[in-house]
Amino acid sequence: MAALFILISMIIGYWVIAKHRKGSGELAKEVSSTPAPFKEEPIPDPASFPIPADFSPSRKKTAEEAVQLHTQALDAWFNAGDLENFQKLAIEALRRYQQADWISPATNHLHAEILKVRLASNDYQTVLRECRKWLERFPDSLAHLEILGKAEYLTGRYADAASHLEAYAAKRPQSLVTQRQLAEVYAAIGMKEKGLAAVDRSLAMIGFPGSGFWSHPEAETTLWKALKVTHRFYEYERLEKLASVLYERSKDKQEPDLLMALGVAKRFRGDLEGAEYFLRRFLKAEKPGSPNLEPVRLELSIALSKRGQFVEALQEITLLLEANPYSSKAYFQLGQCLVRLNQKAKAEAMHFLSRALAPSDREFRREEADRGAGRTAFALRARAKGFSLRGQFREGEEVLRDQKYRDDPSVQVFLTEYLFQHLRVQEGRRVLRELEAKLGAAHADVRGWSAETLRLEGEPGKAVSIWMDLCREPSRLPIWGLRLGRTLLEELGRPEEAARWFDAILQAGPDTTIRILRGRALFEAGDYERALNILETVPPQEDEWEEEAGAVWLARARVRLGKGRETAGRDLEALGERFKHLAAYHLARAELLEAGNQPADSFRQEASRIAALEKKFFDARARIASAGGSDAAPLLLDGARIRIDIGDRAGAIRLARLAAAAAPKSVTPWKILGDWLNRPEELFFQAEALRQAAALDPTSKPALKTEDLISKLLQKD
């Protein structure tokens, strides 16, 4: 019971009355540190505890003191309502029970109430640890089972929370609070059937929708919880019923959550006029900066579009994208509005941008799934990647620098990975040194990321040697094999070795990126037949196919073998400008022309020019890696200009955004972005860049106003 003494020492001197504190999340509101007996499990009277006859006199005396303190604690609880005194007495009573070696299930409630205080004060790790230890000794303590489920929910361990709350609910099926908590847990995990079933059970317990349900003391709380879970699962008929009942009872009719629920439900159920009414009222009632403003503006724009009010819909989307220029759903809806306004070229561009942002949305969904499975580090990594894919590099870094996870080695590994991916090598080195202090220099993660610093600083051969050593262990091959193979292929010109490593990775399981890279390596090694065979098996609709320019390598393999040259020609034409920054693309065009006995010098010259610039960029990258903090910003901009010369506009914009993240007080990157982001689909990115530049330097080009954005969107193609 040593852990009990640790818990007691943490609690003494730090008393918290729950009603004077706000909990974390909705479930925290169900956790009260104000002592209250479980309705299903009466508090035992300590005076009735029989002290065993075989106790020694000193042990008996200590046990009697424990019972007396226990009784005083209950008196402070029930008669005086003195929470602080209750806690002090309860802690001392438990200490005496411990001294008498007389801790038993009868003391469950005292220990549980102490943990409730810790839970209300957000000390989740202590609660998790102490609950688990207590349940190991007393597995039938329902109070601890319930508290453990709550703590797991509040720390994002949703699957574990569901398991423990389900076990509690099985023993106490009439616990209304538990059914509400289960509904929220299932909502967090995304388990629709179970979530709605828990909602049904909680509503049945208050007698809803029968007459008189408002007489139940927990009716309002239960309806609100049901409303939020139902909204989460898009059950709009039920959502409208719940919202209508709560709205009818509402005094001022201005509760934003009700207005939103009614507006969204009516929109989905086809009442567009009613939807507009409630959604507009929500936008007036909700506070600035609320995360609900974005989805409501989107819903309002859809309702307006369906009513034929396309300009009004476009205005709402403009306000949405001004606040968040990274919303894929908003760009899709904007494209729909522009189609109806006969702006087809702009509409197509907006639809393309919507698809381009979709991978970031997938990462945010992955974050939810990982949190639900209790994989906190992976959830943070997915969230950071979601921001990174949008070009919000600083926001992504902040996710992984959250002080709550400062001592979690897994999060620190992912932070190192993130910094290196974004050429923040000196910052990554600092994190890596901290990791080395925790894990040791011989740890695979420390060695692997140390190799990445060597690669980025211009020594890929040394990096490859370390990765080869690590990859001799099969479990590490999927982690470091991709970096090893790509470096051999792209930086050291050793495609045969790269192909062997890619093949070894594929032995462990399918991987689209590795398959494309293996096909490319085989092609560069001169094995065109095998290259063609593997590349033809990759579905071209895969995201990785686009990222790795699979169509270029497939076209080259077909031309070399004289198989499907016409198809190869059509594929290359269809690629448009997306891959014109690749030397391989121009070589593919040259090889296709030469196969038809046509001159191809211009394409080969362009390929040589790009290859020379890539070497220049490789050297620039090493200089960026050697710099740190804001000193890297001008070097990143130099690299961005090289990418512009290569024709890699997307890569240039990425580097300019990295420069802005590296030097947040520098106006130069934002001014450059304001100039470069000049395509129709980049209008809101340009507006963001100009706004940032104007905030840093009032003499710079003025930011675009809302009316300017709307005017530009409505200009004829």
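Just so it is clear, the model here is predicted, and its values are computed rather than measured.
Annotation: Glu457, atom CD; neighbour count of heavy atoms from other residues, nucleotides and ligands within 6.0 Å is above 12. Remark: Phe352 CZ is loosely packed, at most 12 non-hydrogen atoms of other residues, nucleotides or ligands lying under 6.0 Å away. In Lys346, the NZ atom is crowded: over 12 heavy atoms of neighbouring residues, nucleotides or ligands sit closer than 6.0 Å. Within a 6.0 Å sphere centred on NZ of Lys404, other residues, nucleotides and ligands contribute 12 heavy atoms or fewer.
The six-membered or imidazole ring of Trp480 lies near that of Trp449, with a centre-to-centre distance under 6.0 Å. Between Phe387 and Phe393, the distance separating the two ring centers is not shorter than 6.0 angstrom.
Nearest approach of Arg691 to Glu322, heavy atoms of both residues: NH2-O, 3.4 Å. The heavy-atom pair separating Thr155 from Thr376 by the smallest distance is O-OG1, 4.4 Å. The two residues Ser354 and Ser328 make their nearest non-hydrogen contact at OG-O, 2.8 Å. Residues Val446 and Ala441 come closest through the heavy atom pair CG1-O, 4.0 Å. Taking each heavy atom of Asp543 and Pro359 in turn, the nearest pair found is OD2-CG, 4.5 Å. Across all their heavy atoms, Ala330 and Leu298 have their closest contact at CA-CD1, 4.0 Å.
Salt bridge absent: Asp638 and Arg623 never bring a charged side-chain N and a carboxylate O closer than 4.0 Å. The pair Lys615-Asp619 counts as a salt bridge, with a side-chain nitrogen and a carboxylate oxygen less than 4.0 angstrom apart. Contact check on Glu395 versus Arg390 returns no salt bridge, with no Lys/Arg side-chain nitrogen under 4.0 Å from an Asp/Glu carboxylate oxygen. No salt bridge links Arg401 with Glu398; every basic N to acidic carboxylate O contact stays at or beyond 4.0 Å. With respect to the salt-bridge test (charged N to carboxylate O, under 4.0 angstrom), the residues Arg424 and Glu397 qualify. Asp648 has no carboxylate O lying under 4.0 Å from a charged side-chain N of Lys580, or vice versa, which leaves the two without a salt bridge. Residues Glu152 and Arg157 are not paired through a salt bridge, judged by the lack of any N-O separation under 4.0 Å between the basic side chain and the carboxylate. For the pair Arg530 and Asp527, the salt-bridge criterion is met [side-chain N within less than 4.0 Å of a carboxylate O].
Using a 4.5 Å heavy-atom cutoff, the side chains of Leu554 and Trp545 are in contact. Ile610 places none of its side-chain heavy atoms less than 4.5 Å from the side chain of Leu582. Contact of the Arg604 side chain with the His586 side chain is not registered, since no non-hydrogen atoms from C-beta on lie closer than 4.5 Å. Looking at heavy atoms from C-beta onward, Ile189 lies out of side-chain contact with Glu368 at the 4.5 angstrom threshold. When side chains are defined from C-beta on, Ile642 does not count as touching Arg621, because their heavy atoms never get closer than 4.5 Å. Within the 4.5 Å cutoff, side-chain heavy atoms of Leu432 are placed close to those of Ser450. Contact annotation: the side chain of Leu334 never approaches that of Leu320 to less than 4.5 Å [non-hydrogen atoms, C-beta and beyond]. Annotation: side chain of Phe420 is in contact with side chain of Val425 (closest heavy-atom distance under 4.5 Å).
Annotation: cation-pi pair Arg643/Phe617 present, NZ/CZ under 6.0 Å from the ring centroid and within 45° of its normal. A cation-pi arrangement, defined by a distance under 6.0 Å to the six-membered ring centre and an angle within 45 degrees of its axis, is present between Arg375 and Phe378.
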Practice item. Check step by step if salt bridge (charged side-chain N to carboxylate O under 4.0 Å, His left out) holds for Asp697 and Lys671. Key: CA-CA 10 Å; Asp697 178 9; Lys671 284 185 174 180; 3.4 Å; yes
Check your understanding: Do Arg476 and Cys471 pass the side-chain contact (heavy atoms from CB on, under 4.5 Å) test, and can you show the C-alpha distance, the side-chain angles, and the key distance before you say yes or no?
Key -> CA-CA 5 Å; Arg476 295 172 183 163; Cys471 287; 5.6 Å; no
**Study point:** Pair Met468-Leu488, side-chain contact (heavy atoms from CB on, under 4.5 Å): steps then yes or no
**Key:** CA-CA 11 Å; Met468 281 185 176; Leu488 287 167; 4.2 Å; yes
Exercise for review: Using the salt bridge (charged side-chain N to carboxylate O under 4.0 Å, His left out) rule, take Glu452 and Arg455 through it: C-alpha gap first, then chi angles, then the decisive distance, then the call.
Suggested key: CA-CA 5 Å; Glu452 180 70 354; Arg455 184 188 77 84; 3.1 Å; yes
Point to revise | Arg486/Leu517 under side-chain contact (heavy atoms from CB on, under 4.5 Å): CA gap, chis, key distance, verdict | key: CA-CA 8 Å; Arg486 196 186 282 280; Leu517 288 172; 3.6 Å; yes
Review point. Which is it for Thr487 and Trp467 under the side-chain contact (heavy atoms from CB on, under 4.5 Å) test, yes or no, and what are the steps along the way?
Key: CA-CA 10 Å; Thr487 304; Trp467 286 330; 3.4 Å; yes
Exercise for review: In sequence, state the C-alpha distance, the side-chain angles, and the governing distance for Asp370 and Arg381, and then conclude on salt bridge (charged side-chain N to carboxylate O under 4.0 Å, His left out).
Suggested key: CA-CA 10 Å; Asp370 283 334; Arg381 184 196 199 190; over 6 Å; no
Practice item. Test salt bridge (charged side-chain N to carboxylate O under 4.0 Å, His left out) on Glu548 and Arg520 and set out the steps. Key: CA-CA 9 Å; Glu548 301 296 338; Arg520 174 183 166 184; 5.0 Å; no
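Side-chain contact of Asn122 with Tyr124: a donor-acceptor pair under 3.5 Å is present, judged by distance alone. A donor-acceptor pair shorter than 3.5 Å can be found between the side chains of Arg589 and Tyr585. Between the side chains of Gln336 and His351, at least one donor-acceptor pair of N or O atoms lies under 3.5 Å. Remark: the Thr537 side chain and the Arg515 side chain contain an N/O donor-acceptor pair separated by less than 3.5 Å. Checked by atom type, the side-chain pair Tyr528/Arg560 shows a donor-acceptor distance below 3.5 Å. Between Tyr326 and Glu688, the side chains place a donor N or O and an acceptor N or O closer than 3.5 Å (distance only, hydrogens not considered).
In this structure a side-chain-to-backbone donor-acceptor pair under 3.5 Å is missing from Arg447 to Ala442. The backbone N or O of Gly461 lies less than 3.5 Å from a partner atom in the side chain of Ser465, making a donor-acceptor pair.
Rounding to the nearest 0.5 Å gives a distance of 10.5 Å between CZ of Phe502 and CG of Leu477. Gln333 CD to Arg297 CZ: the interatomic distance, rounded to the nearest 0.5 Å, is 14.0 Å. Between the CZ atom in Arg679 and the CD1 atom in Ile653 there is a gap of 7.5 Å [rounded to 0.5 Å]. Going from atom NZ of Lys385 over to atom CD of Glu363 covers 4.5 Å, rounded to the nearest 0.5 Å. Separating the CG atom in Leu683 from the CD atom in Gln686 is a distance of 6.5 Å, to the nearest 0.5 Å. Arg406 contributes atom CZ, which lies 12.5 Å from atom CG of Leu400 (distance to the nearest 0.5 angstrom).
Under the side-chain hydrogen bond (donor to acceptor under 3.5 Å, both in side chains) rule, Arg494 has a single partner from Glu491, Glu497, Glu496, which is Glu497.
Using cut-offs of 30° and 60° on the angle between ring planes, the pair Phe684 and Tyr331 is perpendicular.
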